[in-house]
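Here's the structure we're looking at; comments come further down.
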Amino acid sequence: MPIKTVHDLFVHELSDMYSAEKQMTRSLPKMARAAADPQLAAAFEQHLEETQGQVERIDKIVELAGIKLKRIKCVAMEGLIEEAKDTIDEVEKGPVLDAALIGSAQKAEHYEIASYTTLIVLATKLGLDDARKLLSESLAEEKATDEKLGTLATAAKLDEAEAA
């Protein structure tokens with residue numbers, strides 16, 4: 001179905017975000033297992049719970065707005081996840097891998113932040129106030145996760161990685 005209207009674009013972008021979040025629910029446990037730092041592993045596990053809630057929010061938006069998601073795969077998230085898998089395969093478990101995992105996770109968070117921001121603008125334009133509120137909750141979680149990851153990537157962590 002071609003995208004001709006703002007509503008079509010909203011459905012397409014929401015479908016893409018649904019795919020991205022579903023992919024993240026499969027990737028985050030692998031990232032948690034790969035992390036050497038218990039705080040980083042816990043952050044990935046906590047974000048998995050949030051991500052599952054974000055999938056549920058999208059399901060609620062679909063129900064409230066009476067729309068049907070498209071069956072599409074978010075190729076952007078697929079690429080980010082593939083890059084993280086390659087890193088896990090190539091870097092020995094320890095502080096250097098942890099630093100790389102933080103970077104990989106932040107790339108995904110920034111993609112999600114941009115996507116949720118776009119969806120909020122579209123929902124606002126379409127007058128989908130309930131959807132806007134739910135999307136804003138997910139956006140706030142993504143921003144908080146990005147901030148938490150940034151805190152974990154302190155100079156001390158990078159010094160530890162450098163010393164390894």
Side-chain angles (χ1 to χ4, degrees), residues 1-35 40-89 99-153:
M1 175 172 86
I3 299 171
K4 295 181 179 180
T5 66
V6 173
H7 183 269
D8 294 345
L9 181 59
F10 179 76
V11 171
H12 177 82
E13 293 296 320
L14 191 64
S15 300
D16 187 73
M17 196 68 235
Y18 186 80
S19 170
E21 295 293 17
K22 292 294 272 188
Q23 289 179 60
M24 285 301 293
T25 63
R26 294 185 295 276
S27 177
L28 284 165
K30 295 172 188 169
M31 294 176 78
R33 285 191 301 274
L40 181 57
F44 288 145
E45 289 165 3
Q46 178 186 351
H47 193 52
L48 172 61
E49 290 177 28
E50 290 173 349
T51 302
Q52 290 164 336
Q54 292 160 1
V55 169
E56 290 172 10
R57 281 191 200 108
I58 293 173
D59 287 334
K60 187 163 181 103
I61 290 166
V62 166
E63 180 184 322
L64 290 170
I67 59 177
K68 185 174 176 9
L69 294 179
K70 296 179 182 182
R71 293 184 148 275
I72 59 175
K73 184 172 223 173
C74 178
V75 294
M77 187 59 73
E78 182 180 38
L80 291 168
I81 289 171
E82 188 60 37
E83 187 176 290
K85 282 183 198 172
D86 290 347
T87 300
I88 290 168
D89 292 342
L101 287 171
I102 290 168
S104 293
Q106 284 192 290
K107 288 177 187 178
E109 292 309 309
H110 292 189
Y111 175 77
E112 291 174 318
I113 289 167
S115 296
Y116 278 117
T117 301
T118 298
L119 282 164
I120 290 165
V121 169
L122 295 171
T124 302
K125 176 71 176 165
L126 293 168
L128 300 173
D129 197 48
D130 290 335
R132 182 193 53 77
K133 288 176 187 171
L134 291 166
L135 293 164
S136 294
E137 288 177 37
S138 294
L139 176 61
E141 289 173 351
E142 300 296 2
K143 287 180 176 180
T145 297
D146 180 52
E147 188 172 318
K148 184 174 192 173
L149 288 167
T151 300
L152 288 172

Problem - Heavy-atom pair of closest approach, residues Lys125 and Val6 - result: CG-CG1, 4.2 Å
Fill in the blank from the handout: Heavy-atom nearest pair, Ile113 first then Thr117, reads O-OG1, 2.7 Å
Handout entry: Presence of salt bridge, Lys148 and Glu109, under 4.0 angstrom
Key = no
Handout entry: For Thr145, the option from Glu112, His47, Gln106 that meets side-chain hydrogen bond (donor to acceptor under 3.5 Å, both in side chains)
Key = His47
Practice task
Taking the side chain as every heavy atom from C-beta outward, state whether Leu80 and Ser104 have any atom pair closer than 4.5 Å.
Solution key: no
Practice task
Could you tell me whether the side chains of Ser115 and Glu13 share a donor-acceptor contact shorter than 3.5 Å?
Solution key: no
Practice task
Output yes when Lys133 and Asp129 qualify as a salt bridge under the 4.0 Å nitrogen-oxygen rule, no when they do not.
Solution key: yes
Handout entry: Side-chain heavy atoms of Glu49 within contact of Glu45, under 4.5 Å
Key = no
Exercise for the section: State the CZ-OH distance between Arg71 and Tyr18, to the nearest 0.5 angstrom. Expected result: 9.5 Å
Problem - Salt bridge present between Glu83 and Lys107 (N-O < 4.0 angstrom) - result: yes
Problem - Interatomic spacing from CG in Leu14 to CG in Leu9 - rounded to 0.5 Å - result: 11.0 Å
Exercise for the section: Taking atom CD of Glu147 as the centre, report whether more than 12 heavy atoms of other residues, nucleotides or ligands fall under 6.0 Å from it. Expected result: no
Problem - Any side-chain heavy-atom pair of Thr5 and Phe10 under 4.5 Å - result: no
Exercise for the section: Please round to the nearest 0.5 Å and tell me the distance separating atom OG1 of Thr51 and atom CZ of Arg26. Expected result: 12.0 Å
Handout entry: Sole residue of Asp59, Leu139, Ile61, Ile58 in side chain to side chain contact (heavy atoms under 4.5 Å, CB included) with Leu134
Key = Ile61
Handout entry: Distance (rounded to the nearest 0.5 Å) between Glu50 CD and Ser138 OG
Key = 9.5 Å
Completion exercise
Distance col, row Leu135:CG vs Thr118:OG1, nearest 0.5 angstrom, shows 10.5 Å
Practice task
Evaluate the criterion salt bridge (charged side-chain N to carboxylate O under 4.0 Å, His left out) for residue pair Glu141 and Arg57; output intermediate values, then yes/no.
Solution key: CA-CA 12 Å; Glu141 289 173 351; Arg57 281 191 200 108; 2.9 Å; yes
Handout entry: Sub-4.5 Å side-chain heavy-atom contact between Val11 and Ile3
Key = no
Exercise for the section: Compare all side-chain heavy atoms of Ile72 with those of His12 and state whether any distance is below 4.5 angstrom. Expected result: yes
Handout entry: Spacing of OG1 belonging to Thr25 relative to CG belonging to Leu48, to within rounding of 0.5 Å
Key = 7.0 Å
Problem - Pair Glu142, His110: side-chain N/O donor-acceptor within cut-off below 3.5 Å - result: no
Exercise for the section: Examine the side chains of Gln23 and Ser19 and answer whether a donor and an acceptor come within less than 3.5 Å of each other. Expected result: yes
Problem - Smallest separation among heavy atoms of Leu101 and Met31, with atom names - result: O-CE, 3.7 Å
Handout entry: Contact summary for Pro2 and Asp8, nearest pair of heavy atoms
Key = O-OD2, 3.6 Å
Exercise for the section: Search all heavy atoms of Lys30 against all heavy atoms of Ile88 and return the closest pair with its distance. Expected result: O-CD1, 4.3 Å
Exercise for the section: Identify the two heavy atoms, one from Leu149 and one from Phe44, that lie closest to each other, and give their separation to 0.1 Å. Expected result: CD2-CE2, 4.2 Å
Handout entry: Cys74 side chain reached by Tyr111 side chain, heavy atoms, under 4.5 Å
Key = yes
